[in-house]
Amino acid sequence: MRMIVLIVTTAASPAAAAPLFVDRAGDLPVAHVYEGGWEHFVGGGVAVFDCNGDARPEIFVAGGTNPARLFVNITGGATSPLTFALGDAPPITGVTGAYPLDIDGDGALDLAVLRVGRDILLRGGPDCTFTDASAALGFNPRDAWTTAFSAIWEKGASLPTLAFGHYVDRANPKGPFEACDTSDLYRPSGRIYGAPETISPGFCTLSMLISDWRRSGEPELRVSNDRHYYVRGGYEQMFRLSPLAERTEDWPRVSLWGMGIASQDLNGDGLPEVMMTSMGDQLLQFNTGTGFTDAPYELGTYAQRPFIGDDGRPSTGWHAEFADVDNDGRMDIFIAKGNVDQMPSNAIHDPNNLLMQQPNGSFVERADVAGIATTERARGAALADFDGDGRLDLVVVNRRAPLELWQNATPDTGHWAGIEPRMEGNSRAVGAWVELRAAGKVMAREVTVGGGHAGGQAGPLHFGLGAEMKPEVRIIWPDGTVSDWTSLPADRVTEVWPDGLSLRLGL
């Protein structure tokens, strides 16, 4: 049996204060709600990205039967309350989620919009303007129930390969149970997209992530599926991309009520672990390089029941995200929780989790202490630095309840570094690995598009540094080029560009 070894942070790190968040939802220009019937029991994702170049990320949030909305960040500075204005987004309904990426390589971030109906590719323009570029890009999706997305730039391609994950086939008269739809993979043909390849078998997909999880240079597509609708015979899947083929011969068949995927190296071996949310256990698995092994229960990550209140029924996890909330150099885990709607087998009042990693590598619940243990029907979420103070703030999407916005006010946090790799064409260097060396250890992070629950973000990779002030960075670029180690300033965001084997640091 493989032994799981976790990082122990050095004694040089400052004593961590309890996490603390301040509610800023009342300052939003409108109370946004993800609404709708059974086709919107799932979904409710949020995309976080900077669409006007001011280094303050915006929020594009799914609305279900309500229009999706864009909230433009107008926060004054690091000491100011989080403040947003309503942006001029196209009036799109049926939206389940969205993911930001620069599809056409012009430097402006675009949006892949997931819908109950036909998905849309929105091209980003100046000052957070968006136009439907689906036809111009040759993107002609079918009418489906889309709940998952991931993307990667394959070798030599001018556009990214796009994976759209579909849930139940609404046209199947025998549904919804055992009526799972297949999914679609779109590869570019020059500067447009051709007809999709079918990702099959389909087991009611709710999350996808393309990741080079073996660090082999060959990314693969991980698919998380909802057992509630495939009922039997389904499982979590892995697909090779070139050519598209399911990995079956060496992939163990794990079945769960898969809602979301998060990925992050936790033990310092450079390989990404995965957290898969579910109804009941939230399953953290450690990467062996050839497969995955379940985390021990004593680690404190299963979060299988509400930790406050008197509802002892199983929890329902949706969006999961790794993030260093207090900048102590240890990754924490946020999990958005909430009943599907009125499912009697699971907890109705189901608080979100904030699992703070301890020096010995275990995790302890702190959502109640932080003030974010709300019990609405949470779905998508994102942790991002909305005010530029180096602390990660939080946005949470709720079904049939208003959007939540939380400003991180944790005192006595450690130092930090934001790293934003940039390059030509694939402008956000999707597929790159960023390695940061500080205080005698190396933290590795992959630049991906996908995962979570129906939403993700584009922007700087955030590293907590604890007491360290002199980090170094190197980039393994998507073509496999490995840069030299380069000193990096702390407590700021730095753009990093390739310059041969060196790195050019921007603003």
Side-chain angles (χ1 to χ4, degrees), residues 1-10 13 16 19 207 209 211 213-215 222 224 227 235-236 238 250-308 312-326 328-337 346-347 350-369 373 441-446 451 464:
M1 180 180 293
R2 177 178 178 265
M3 182 177 294
I4 298 172
V5 181
L6 300 175
I7 296 175
V8 177
T9 303
T10 64
S13 297
S207 190
L209 180 63
S211 168
W213 62 276
R214 294 176 298 154
R215 299 293 296 267
R222 184 168 192 141
S224 192
R227 185 176 185 172
Y235 47 88
E236 302 293 282
M238 186 72 78
D250 58 354
W251 189 249
R253 294 198 170 186
V254 175
S255 297
L256 50 81
W257 289 266
M259 309 294 196
I261 305 171
S263 181
Q264 171 64 42
D265 176 24
L266 285 181
N267 59 10
D269 65 0
L271 298 172
E273 278 62 62
V274 294
M275 169 65 88
M276 295 177 292
T277 55
S278 180
M279 295 171 65
D281 291 345
Q282 317 309 307
L283 183 58
L284 175 66
Q285 292 188 319
F286 281 83
N287 191 339
T288 67
T290 57
F292 292 84
T293 183
D294 295 353
Y297 180 81
E298 294 76 17
L299 200 66
T301 55
Y302 280 81
Q304 75 274 27
R305 298 183 189 278
F307 66 93
I308 57 174
R313 290 172 290 182
S315 284
T316 305
W318 297 90
H319 182 88
E321 188 166 335
F322 293 100
D324 190 347
V325 168
D326 54 4
D328 63 358
R330 300 187 292 266
M331 297 301 292
D332 312 305
I333 305 172
F334 174 81
I335 305 172
K337 294 276 192 70
N346 285 63
D350 199 357
N352 300 327
N353 299 112
L354 181 61
L355 304 175
M356 302 294 292
Q357 189 178 169
Q358 305 302 295
N360 67 355
S362 66
F363 290 82
V364 175
E365 182 63 69
R366 290 289 182 267
D368 52 344
V369 175
K441 65 179 183 181
V442 175
M443 293 180 276
R445 197 83 52 82
E446 185 182 14

_Side-chain touch Asp332/Asp324, heavy atoms, less than 4.5 angstrom_ = yes
*Write down the atom of Thr301, the atom of Ala295, and the distance for their closest heavy-atom approach.*
OG1-CB, 4.3 Å
*Return the minimal non-hydrogen interatomic distance between Pro351 and Pro306, and the atom names on each side.*
CD-CB, 3.7 Å
*With sequence neighbours left out, what residues match Arg305 under salt bridge (Lys or Arg N to Asp or Glu O under 4.0 Å)?*
none
_Side chain Lys337, main chain Ala303, donor-acceptor under 3.5 Å_ = yes
_Contact between Phe334 and Val325 at the side-chain level, heavy atoms closer than 4.5 Å - yes or no?_
no
*Could you pull out the closest heavy-atom pair between Met331 and Leu266, with the gap in Å?*
CB-CD2, 3.9 Å
_Measuring from atom CG of Asp250 to atom CE of Met238, what distance do you get when rounded to the nearest 0.5 angstrom?_
9.5 Å
*Are the side chains of Tyr297 and Gln304 in touch, meaning some heavy atoms are under 4.5 Å apart?*
yes
_Please check: side-chain N/O of Asp281 versus main-chain N/O of Leu283, any donor-acceptor pairing under 3.5 Å?_
no
*Full working for side chain to side chain contact (heavy atoms under 4.5 Å, CB included) between Leu209 and Ser224*: CA-CA 9 Å; Leu209 180 63; Ser224 192; over 6 Å; no
*Counting only N and O atoms by type, is there a donor-acceptor contact under 3.5 Å from the side chain of Ser207 to the main-chain atoms of Gly260?*
no
_Short side-chain to backbone donor-acceptor contact, Ser263 and Val274, under 3.5 Å_ = no
*asked:* Show, in sequence, the C-alpha distance, side-chain angles and deciding distance for Asp294 and Tyr302, and conclude whether the side chain to side chain contact (heavy atoms under 4.5 Å, CB included) test is met.
replied: CA-CA 10 Å; Asp294 295 353; Tyr302 280 81; 3.9 Å; yes
_Under a 3.5 Å cutoff, is there a donor and acceptor pairing between the side chains of Ser211 and Glu446?_
yes
*Where Phe307 and Ala367 come nearest, the two heavy atoms and their spacing*: CZ-CB, 3.8 Å
*asked:* Within this structure, what is the CE-CD distance for the pair Met275 and Gln264, rounded to the nearest 0.5 Å?
replied: 12.0 Å
_With heavy-atom distances below 4.5 Å as the criterion, would you say the side chains of Pro272 and Asn287 are in contact?_
yes
*Does the gap between the ring centers of Trp251 and Tyr235 come in under 6.0 Å?*
no
*Is it true that a side-chain atom of Arg366 and a backbone atom of Met356 form a donor plus acceptor pair closer than 3.5 Å?*
no
*Test side chain to side chain contact (heavy atoms under 4.5 Å, CB included) applied to Phe363 and Leu354, Leu299, Asn353, the passing residue*: Leu299
*At what distance, to the nearest 0.5 angstrom, does CG of Leu284 lie from CE of Met276?*
9.0 Å
_Chi angles and distances behind the side chain to side chain contact (heavy atoms under 4.5 Å, CB included) call for Arg215, Leu271_ = CA-CA 7 Å; Arg215 299 293 296 267; Leu271 298 172; 3.5 Å; yes
*asked:* Is the shortest side-chain heavy-atom distance between Leu355 and Glu365 below 4.5 Å?
replied: yes
*List for me each residue that meets salt bridge (Lys or Arg N to Asp or Glu O under 4.0 Å) alongside Arg445, sequence neighbours excluded, and say none if there are none.*
none
_Minimum heavy-atom separation for Leu256 and Ser278, please, with both atom names._
CB-OG, 3.9 Å
*Spacing of CG belonging to Asp368 relative to CD1 belonging to Ile308, to within rounding of 0.5 Å*: 6.0 Å
*Does the side chain of Thr277 reach to within under 4.5 Å of the side chain of Gln282, using non-hydrogen atoms?*
yes
*For Ala262 and Ala320, work out which heavy atoms get closest and say how close.*
CB-O, 3.4 Å
*Go through Gln285 and Thr293 one step at a time and tell me if the side chain to side chain contact (heavy atoms under 4.5 Å, CB included) criterion holds.*
CA-CA 5 Å; Gln285 292 188 319; Thr293 183; over 6 Å; no
*Interatomic spacing from CZ in Arg227 to CH2 in Trp257 - rounded to 0.5 Å*: 4.5 Å
*Are any side-chain N or O atoms of Asn352 and backbone N or O atoms of Ala336, one a donor and one an acceptor, separated by less than 3.5 Å?*
no
